[in-house]
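Single-structure report; data block below.
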Protein chains: 2
Amino acid sequence: MLKSNEDRASGVVTSGRWGQIYDDLKSAILAHNIAPGTKLPEDELGEVYSVSRTLVRAALQALAHDRLVQLEPNRGAFVAKPTKREAREVFEARAIIEPKVAAMAAAIAKPSDVKVLRRHLDEEHKAIHDGRQGDAVMLSARFHEGIAEIAGQTILTEIITSLCSRSALIISLYSRRADTFCESHAHHALVDAIAANSELDASELMTSHLVDLLSGIDVSESAGPQRKLSEILRGF
Amino acid sequence: MLKSNEDRASGVVTSGRWGQIYDDLKSAILAHNIAPGTKLPEDELGEVYSVSRTLVRAALQALAHDRLVQLEPNRGAFVAKPTKREAREVFEARAIIEPKVAAMAAAIAKPSDVKVLRRHLDEEHKAIHDGRQGDAVMLSARFHEGIAEIAGQTILTEIITSLCSRSALIISLYSRRADTFCESHAHHALVDAIAANSELDASELMTSHLVDLLSGIDVSESAGPQRKLSEILRGF
DNA sequence: CCGCGCAAGATTGGATTCATTTCTTCGTCA
DNA sequence: TGACGAAGAAATGAATCCAATCTTGCGCGG
């Protein structure tokens, strides 16, 4: 299992030791080891990690803030099930933000930065080759984060990290193609553009890459999963 | 005091009744009623709101995730003091995101949407006229949120809301001009562009508006406030 | 007089306990 | 037989309690 690096990126997890539970749950969710909609009972998690519900609740609250779990009052925590609208909006947001960030990164990327990216790419390729889809999704996300880091934008990095996390959930829910994450040649082209310091290419490649990702998602507006049954069955 | 509308925007505060504490503290921080760096002791807040520290801790954790308070292990919670780098990055992020969102809003704005914006503007103007600076800052933020809402982008709205919150903190720390928030004519021009459905104007006006805001902030890299005293005084 | 060390107080971190709500199951009645 | 309802079980919401850490102030020694 890949270790999460969220604590480094977010900086929020500074206090207490619920950060471990947070990271662990997050990894499990992003790697698709826990299906969306799954209930996350506090007792059970406390048992698993040998801690009281207090820490579990803290971790769940943090995950809820990341929109990776949904807290329902008096009912508990569930792995989030993004609606199709949310799915579309996540990628629209990324399409607005990431091309600009990629351009910034391309503008100031040093050879050492490019090296780091290529190392990411290798790991990603290996994960795909080994059939570890969960790791592949997470590494893909980390690749996008890496670009934002090169751009020197910690805040935008956090935003992109969050959007990538939600993207992982979305892919696990709505992916049509099994290879939604296998488009590593797009990543390769991006690295080349960044290495060549060509802002325009980086921007456009990122845009088309995101469009391509979205095209692998079924976002047709078929009777949102969020509609209550009582609403749907009103006509009977 | 203006009532916060964060619960509506975020949707995270669905469970428990710590949302009230969260909203209240957030309003106080954004309205500059609590200075950055102020310690927020759990006991004291629990006393104020007549709840146990449990709920206070939950609220503080949520605020920490918003980067409005900083949690230091075994030391407690403090109102966040954004560094100048953070300040710059917040506005750089806004400069990347908001012009595009403004263009989207302009593309699809209906007259009713424009009406809502103008009502916002009136309130903002009144607050400025009455000298209620805190309310003015919050209303200014809500104006920006309103544009994102018109664009129909809930996720980008959340992101912008968060960035505006942090901007409020930044302004209270680094504002040079007392009128950093008084540039309501910029908001007026933006509304006009949106009303005219001219995407380009909206985008450019938003960009220049943000540049103007940033110009009112002192972001010179003078010995960052984050440098440890031991580091600064090493030479003695 | 100043600096160092130690102890008491205060504050946070986390677990436990109690209260409230919801879910499940079983029984009754139509 | 199926539906309604109540009682018990289980899970969450919140307060309280205990442990660990930090801060503060006093005393001691240099």
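In what follows, every chain begins at residue 1, and chains take the letters A, B, ... in the order their sequences are listed.
In this structure the side chain of B:Gln61 reaches within 4.5 angstrom of the side chain of A:Trp18, judged on heavy atoms. You'll find the side chain of A:Ile155 reaches within 4.5 Å of the side chain of B:Leu163, heavy atoms only. A 4.5 Å side-chain heavy-atom check between A:Glu145 and A:Arg142 finds at least one atom pair inside the cut-off. Put simply, the side chain of A:Asp66 reaches to within 4.5 Å of the side chain of B:His65, judged on heavy atoms.
Residues passing the side-chain contact (heavy atoms from CB on, under 4.5 Å) test with B:Ser162 are B:Arg166, sequence neighbours excluded. Looking at residues two or more places apart in sequence or on another chain, you find no salt bridge (charged side-chain N to carboxylate O under 4.0 Å, His left out) involving A:Arg119. For A:Ala127, the side-chain contact (heavy atoms from CB on, under 4.5 Å) criterion is met by A:Arg132, A:Asp135, A:Ala136, A:Leu139, not counting sequence neighbours.
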What's touching nucleotides 20-23 of chain C from the protein side, N or O pairs under 3.5 Å?
residue	atom	partner	partner atom	Å
C:dC23	OP1	A:Arg75	NH1	2.3

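Below 30°, between 30° and 60°, or above 60°: for B:His187 and B:His144 the angle between ring planes is above 60°, a perpendicular geometry.
The closest side-chain donor-acceptor pair between A:His32 and A:Gln133, if any, does not fall under 3.5 angstrom.
The residue among B:Thr54 and A:Gly76 whose nearest nucleotide of DNA chain D lies closer to the 5′ end is A:Gly76.
As a whole-Å value, the separation of A:Gln61 CD from C:dG14 C1' is 16 Å. Taking atom CZ of residue B:Arg57 and atom P of nucleotide C:dT11, one finds them 15 Å apart after rounding to whole Å. Between the CZ atom of B:Phe78 and the C1' atom of C:dT11 there is a distance of 11 Å, rounded to whole Å.
Helix-axis bend for the helix from C:dC1-D:dG30 to C:dA30-D:dT1: the local axis fitted to the five terminal pairs at one end deviates from that at the other end by 0°, rounded to 10°.
Within the 4.0 Å cut-off from OP1 or OP2 of C:dT16, not a single side-chain nitrogen or oxygen of A:Arg53 is found. Residue B:Arg17 places at least one side-chain N or O under 4.0 Å from the OP1 or OP2 atom of D:dA15.
Residue B:Lys39 qualifies as enclosed at atom NZ: its count of foreign heavy atoms under 6.0 Å is above 12.
Looking at residues 35-47 of chain B, you'll see that no heavy atom sits under 4.0 Å from any atom of DNA chain D.
At least one donor-acceptor pair under 3.5 Å links the side chain of A:Glu89 to the backbone N or O of B:Thr154.
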